[in-house]
Number of protein chains: 2
Amino acid sequence: MTNPRHNTRDIFPPTGTELNAKSWLTEAPLRMLMNNLHPDVAENPHELVVYGGIGRAARTWKDFDLIVETLKNLEDTETLLVQSGKPVGVFRTHKDAPRVLIANSNLVPHWANWDHFNELDKKGLMMYGQMTAGSWIYIGAQGIVQGTYETFVEAARQHYGGSLKGKWILTGGLGGMGGAQPLAAVMAGACCLAVECDETRVDFRIRTRYCDEKTHDLDEALAMIERWTAAGEAKSVALIANAADVFPELLKRGAKPDIVTDQTSAHDPVHGYLPQGWSVAEWRARQETEPKVVEAAARKSMRTHVEAMVGFHDAGIPTLDYGNNIRQMALEEGLERAFSFPGFVPACIRPLFCRGVGPFRWVALSGDPEDIYKTDQKVKELIDDPHLHNWLDMARERIAFQGLPSRICWVGLGQRDKLGLAFNEMVRNGELKAPVVIGRDHLDSGSVASPNRETESMRDGSDAVSDWPLLNALLNTASGATWVSLHHGGGVGMGFSQHAGMVICCDGTEEADARIARVLWNDPATGVMRHADAGYDIAIDCAKEHNLNLPAIL
Amino acid sequence: MTNPRHNTRDIFPPTGTELNAKSWLTEAPLRMLMNNLHPDVAENPHELVVYGGIGRAARTWKDFDLIVETLKNLEDTETLLVQSGKPVGVFRTHKDAPRVLIANSNLVPHWANWDHFNELDKKGLMMYGQMTAGSWIYIGAQGIVQGTYETFVEAARQHYGGSLKGKWILTGGLGGMGGAQPLAAVMAGACCLAVECDETRVDFRIRTRYCDEKTHDLDEALAMIERWTAAGEAKSVALIANAADVFPELLKRGAKPDIVTDQTSAHDPVHGYLPQGWSVAEWRARQETEPKVVEAAARKSMRTHVEAMVGFHDAGIPTLDYGNNIRQMALEEGLERAFSFPGFVPACIRPLFCRGVGPFRWVALSGDPEDIYKTDQKVKELIDDPHLHNWLDMARERIAFQGLPSRICWVGLGQRDKLGLAFNEMVRNGELKAPVVIGRDHLDSGSVASPNRETESMRDGSDAVSDWPLLNALLNTASGATWVSLHHGGGVGMGFSQHAGMVICCDGTEEADARIARVLWNDPATGVMRHADAGYDIAIDCAKEHNLNLPAIL
Ligand SMILES: NC(=O)c1ccc[n+]([C@@H]2O[C@H](COP(=O)([O-])OP(=O)(O)OC[C@H]3O[C@@H](n4cnc5c(N)ncnc54)[C@H](O)[C@@H]3O)[C@@H](O)[C@H]2O)c1
Ligand SMILES: NC(=O)c1ccc[n+]([C@@H]2O[C@H](COP(=O)([O-])OP(=O)(O)OC[C@H]3O[C@@H](n4cnc5c(N)ncnc54)[C@H](O)[C@@H]3O)[C@@H](O)[C@H]2O)c1
């Protein structure tokens, strides 16, 4: 039997101004689905895997082909439903409705665990959507660079008087998201030692200029770090090794990194974390044949890994969980103090979320980098913020495009709609060669409930309340986003999160103006609302300042 | 401190043709919210409790007042968001978007249990929405009569050659939904012995003509049953007692009911099930002060109760779980054979779901029963089905209206939109005095994932996949329903279900025609799609017959 998830085709999104579908509102999801699987974007495109362990863009290759086919024929009063990566229905809606509605990996809570998911996944009944993999707005590691950068900058502010010069960051994992760490660290002025077990991933980061050096030898890596920090140079090295070996070893040796974190795919104990003592090849093979054995071994190693992180924390070194749920895994393995160091959201990001600030991103469907440079310029014109201008300059200089040219910048309520309308105007008046799409990560201000990550330690204790992301998805649908998605288990794994995505296409029309004004206002406003309801003053002030109508909150 | 959930006001919805809000699309949810709390409709309106244990219509009385206030002022391009019974935001949308979007009781799966819910509920951060309580389309016990009737008729077909004459049904619970059982049994030609511990509930059923007799004495109840069955008369008796005492006692005595089931609120072990040996007053008091003690005692009694049900099943008597998750509770209490008898959906209802047939309902906002009688007539004209005509005749004769006059009838894909358009025409041309709303239970063909109930034993094993109800809610939002809701834990309790509701207002306009045509087609079509995807031939045939466009399914 052939594997319906394997194929050797390379997928490249169409570029230019010619339509393959009946309108830009259907051409946009078509190009973005394909862009998610672009060889420079996806981690393992031949298996449909985009990033985040086994986060896929479509359930099988047949489903991929059918989605493409359906999008090509979809009318502007029809909506395609996608259920865990499978195109299950086309229904009549209206022009202001989304063209695609997506639900991925959702399970009734009592059954919402990896065992049950993997069983359904094996039977061909499910697909893991991660966050932006199954919702077609992944843009490669570039999508996460700024978030990681902002986190490091904030940590620097909190712990090192704002400067990371001569400091170094210890981390693990150089996958789709984790791969952004060395670059973000360097941009923030720090050195970085990143432990990654899979040399092919390391080579990908070196090839795309996200990481400077590589080595198999810990001593050599440390010598580089020592040299660079002494010289005040910000550079990065990837150490090809197992993080569960290296972290405890460094602790034992008394090494003193200035920040410690990790982005292995610990959220998925079968597919995401290499057990100690195993080769990568053995690990991959046994994921299929003996998932339970892999899981048990991986969990044990994670405990060791987190134990070392607790050790660094105890030694007074700022230590952060970077959203991969590794503390939960260690806790379940019996490490009682697993949660003694904080997650990165309460530690660094929540004040941004309170103002609806999050990872806003856009993509030039033309395929022409000039379109992005022009939008960069427009952002600078419209938003007078030196930190943001500096970010855009660095991004242009340092971040190589992957797949369709795109840009990310963290902006909030009142800024997103302004930028969206400006971009739409640029499409209309021909400044840009073709439409752009605007989207965001599911990790955002109003779109996610994830008690070990985005909603950890909420002020009122409402961490686990997932009414909020559901309302966010319903409201984006009602507001006219081009596609909307509802996922479960992204980032932190089955059982631990629910979240929503949205993308809107700026096709230059006036109808799009109206939709953009609604969607790009309402979407971050739900985040301000959610944080105001939880009692954060910054959010309450932001809501008042922007005249939000929040009946039982304000 | 005063209890924000307690009040002595009686709520009656406005009737007649005068608007309190700015349009019928906002007047409709206003009246329906109030109707849910009408003294003849709700089980405990002063505590905001509508039915199903603690299923509420609003989180607090303050929230109720704010919802009413907000609806009165809501524009036809605005949408109100309700989060677990609290009105949290008003956002700009457009005319074809829903006027209200609701998310109730949703929790991230790992935390989706009663303990965590009750903690949040106590803090004022949550509300249990059950199914139609928090989504404002509960219509009293009349809403469930036909479903229960259809189930008994189907059981009769399967086990007794189609007739229940001279037969009797043993059940428990005469609450908001369970109270329909004696009436449905009698309509189906059977006698009924219903065990209910709370005499006030029994009196409610007798007053509203849902039940014929009551007694505190088991022997007397059995004597009645014997007399009626012998005479071939269909009558019902409520026995005021604890079902966990009575079921085993009857089994011991060798009593031979012809069907056994139960509708106590076993889904909520703290608030829904009276432990053996406790008085109702003691139970209610200790729910507040010692919830854990109550829960442990209730679970123990449920086990005893289910043990007796398994005994009846073993004795060859058709025994059904009626959707209250009591088998799961007994299983968790160590009763390994708890699931040896089936749930009512796979046993009786699934073939209907395969054709999108489910509990369609509508309400005359005028308050005038004549409006319902006219729609009854219209249904008969449009749908030529003797079973349905018989149902409508019986309903008119036997079912007393509760609150705003309303009707339920089980119809499917291709019928619902036809009826909706006809009703809208009747509003337009003045045949009806005022608009009607059309809705349904969350228990329906395409709107729920609930592995111990609506999606038990799905053919392909996809019982726990909840992408489907989420897509249903998103599509109804995109299609222009007047309000849409997403709930967790209804019917079977925290952790065990996710489901969606929708209501659409027929205000007589042509815009409403377009919305009705979309919503009342798409909504049942998602049910046909979901069952076709699971491999049911009836659903596949139905999809083909109706030319559904299901890319990866057909
Ligand atoms: N904080 C955030 O904003 C954020 C964003 C996205 C993802 N994440 C989380 O970060 C994690 C990584 O995401 P990703 O997209 O990069 O995943 P990925 O699966 O693409 O990459 C994970 C990498 O970790 C490596 N790895 C696994 N076990 C290892 C071990 N024991 N030692 C060293 N390396 C090991 C793998 O080889 C792989 O390259 C996920 O859990 C994800 O959910 C966080
Ligand atoms: N199958 C369906 O279509 C369907 C529909 C709705 C509800 N349900 C389920 O049925 C159950 C009942 O729903 P409801 O709305 O009537 O709930 P309710 O809470 O209004 O009524 C439950 C009744 O059970 C009685 N009761 C509790 N413990 C008892 C005991 N030990 N012995 C005798 N009586 C006892 C209570 O006094 C109460 O009157 C719920 O679990 C609900 O989810 C099923």
Side-chain angles (χ1 to χ4, degrees), chain A residues 63 66 70 79 81 83-84 86-94 96-98 101 103-104 106-112 116 120 123 125-126 449-451 460-462 464-468 470-471 473-475 477-479 484 486 495-498 518 522 525 529 533 548-553, chain B residues 63 66 70 79 81 83-84 86-94 96-98 101 103-104 106-112 116 120 123 125-126 449-451 460-462 464-468 470-471 473-475 477-479 484 486 495-498 518 522 525 529 533 548-553:
Chain A
D63 291 312
L66 272 169
T70 306
T79 296
L81 303 193
Q83 182 261 325
S84 283
K86 175 174 173 176
V88 288
V90 173
F91 294 91
R92 190 150 53 89
T93 55
H94 55 79
D96 279 317
L101 294 168
N104 284 325
N106 295 284
L107 288 169
V108 177
H110 188 70
W111 292 263
H116 195 71
L120 293 170
K123 277 195 199 163
L125 292 171
M126 273 248 146
S450 184
D460 62 347
S462 62
V465 176
S466 57
D467 294 332
W468 303 104
L470 300 180
L471 288 173
L474 294 174
L475 182 61
T477 303
S479 303
V484 174
L486 267 172
F496 290 93
S497 62
Q498 284 174 274
R518 292 190 300 254
N522 291 346
M529 169 179 78
D533 188 59
L548 296 190
N549 181 354
L550 310 180
I553 298 174
Chain B
D63 292 312
L66 272 169
T70 307
T79 296
L81 303 193
Q83 182 261 327
S84 283
K86 175 174 174 177
V88 289
V90 173
F91 294 91
R92 190 151 53 90
T93 55
H94 56 80
D96 279 316
L101 295 168
N104 285 324
N106 296 284
L107 288 169
V108 176
H110 187 71
W111 292 263
H116 194 72
L120 293 170
K123 278 196 199 162
L125 292 172
M126 272 248 147
S450 183
D460 61 347
S462 62
V465 176
S466 57
D467 293 331
W468 302 103
L470 299 180
L471 288 173
L474 293 175
L475 183 61
T477 302
S479 303
V484 174
L486 267 172
F496 291 93
S497 61
Q498 285 175 273
R518 291 190 300 253
N522 290 347
M529 167 180 78
D533 187 59
L548 296 189
N549 181 354
L550 310 180
I553 298 175

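Naming convention: chains lettered A, B, ... in sequence-line order (proteins, then strands); numbering from 1 in each chain.
With chain B as the partner, the residue from A:Ser479, A:Pro87, A:Ala112 showing the most heavy-atom pairs under 4.5 Å is A:Pro87. Ranked by heavy-atom pairs under 4.5 Å with chain B, the list A:Leu125, A:Leu107, A:Leu120, A:Ile553 is led by A:Leu107. Residue with the most contacts toward chain B among A:Val90, A:Val465, A:Val88: A:Val88 (heavy-atom pairs, distance under 4.5 Å). With chain B as partner, the option from A:Ala97, A:Pro551, A:Ala449 having the largest number of non-hydrogen pairs under 4.5 angstrom is A:Pro551. Between chain B and the options A:Asp467, A:Leu475, A:Leu471, A:Val108, heavy-atom pairs under 4.5 Å are most frequent for A:Asp467. For the set B:Leu474, B:Thr477, B:Leu486, the entry with the most heavy-atom pairs within less than 4.5 Å of chain A is B:Leu474. Most heavy-atom pairs under 4.5 Å with chain A: of the set B:Ala525, B:Gly495, B:Gly89, B:Ser497, this distinction falls to B:Gly495. When the candidates B:Ser450, B:Pro451, B:Ser84 are compared by the number of heavy-atom contacts under 4.5 Å with chain A, B:Pro451 comes out ahead.
Only the side chain of A:Leu66 has a heavy atom closer than 4.5 Å to any heavy atom of chain B. Of the atoms belonging to B:Asp96, heavy atoms from both backbone and side chain fall under 4.5 Å from chain A. Only the side chain of A:Asp533 comes within contact range of chain B, with heavy atoms under 4.5 Å apart. Looking at A:Leu101, both its backbone and its side chain come within 4.5 Å of chain B, counting heavy atoms on both sides.
Side-chain contact between B:Gln498 and A:Pro109: present, with at least one pair of heavy atoms (C-beta onward) separated by less than 4.5 Å.
Separation of atoms CG (B:Leu470) and CG (A:Leu81) is listed at 11.5 Å; rounding is to 0.5 Å. How far CG of B:Asp460 is from NZ of A:Lys123: 7.0 Å, rounded to the nearest 0.5 Å. The NZ atom of B:Lys86 sits 10.0 Å away from atom CG of A:Leu550, with the distance rounded to the nearest 0.5 Å.
A distance-only check finds a donor-acceptor pair linking the side chain of B:Ser466 to the backbone of A:Asn106 [under 3.5 Å]. A donor-acceptor pair is defined here as one N or O able to donate and one able to accept, closer than 3.5 Å; such a pair exists between the side chain of B:His94 and the backbone of A:Ala478.
Smallest separation of non-hydrogen atoms from A:Arg518 and B:Thr93: CD-O, 3.2 Å.
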